[in-house]
Amino acid sequence: MNRILLAAIAALGVGLLLALWRIDHVTSDRDTAQAAADQQQARADSLRNTMRLSNELANDQTLTAANYQKELRDAKTERDDLLDCIARGTCGLRVNATCVRDGAATAIGSSTDAGTPRLTAAAERDYSALREGLRQQRAQIIDLQQTLVSLHSRCRIGE
């Protein structure tokens, strides 16, 4: 009976050791699976954050492009209005000009009035083109500044 009892105790001991080994193996597999799941969750969170930032930047870029296009349209409209105004003679340009003296001027100092000084047609076109170009450059600079400020705040540069 002692042998049977010893055999039973030995069998229970071996069974207990096998059960403990199996529990350790399952626990190790569970820890490995949990680490892999945590890593995948972190990657998914990172991808979600990247997509959110990409969408925000795309929206900001779309808004900036729309503002820039509006500024361009306004500059062209202003240029066309200025050209029409100059052509109608309802507005003028400030020009520092002197009239060429007429060769037949009298010695008293009077000269023939040649009329009001005016820019040539090419100079009028150039003036309006220069104003349009200045507005375009101003719009570009403002848009670049807004883009840089937006990127700076999102990327936390300097922190």
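Legend: residues meeting salt bridge (charged side-chain N to carboxylate O under 4.0 Å, His left out) with D84, ordered by chain and number and at least two apart, are absent. Residues satisfying the salt bridge (charged side-chain N to carboxylate O under 4.0 Å, His left out) criterion with K76, sequence neighbours excluded, are absent altogether.
Heavy atoms from other residues, nucleotides or ligands lying under 6.0 Å from CZ of R22 number 12 at most. Within a 6.0 Å radius of CG in L16, other residues, nucleotides and ligands contribute more than 12 heavy atoms. More than 12 heavy atoms of other shown residues, nucleotides or ligands fall within 6.0 angstrom of atom CD in E78.
Between the CD atom in E132 and the CG atom in L72 there is a gap of 8.0 Å [rounded to 0.5 Å]. With rounding to the nearest 0.5 angstrom, the CZ atom of R88 is 10.5 Å from the CG atom of L83. To the nearest 0.5 Å, the span separating CG on L47 from CD on Q40 amounts to 9.5 Å. A distance of 12.5 Å separates CG in D80 from SG in C85, rounded to the nearest 0.5 Å.
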- Message: side chain to side chain contact (heavy atoms under 4.5 Å, CB included) for L134 and R138? Distances and angles first, verdict last.
- Response: CA-CA 6 Å; L134 287 173; R138 183 178 179 275; over 6 Å; no

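Taking the side chain as every heavy atom from C-beta outward, I142 and Y68 never approach each other to under 4.5 Å. Counting heavy atoms from C-beta outward, Q39 and R43 have side chains that stay 4.5 Å or more apart.
With no hydrogens or angles considered, no side-chain donor-acceptor pair links E71 and N67 at under 3.5 Å.
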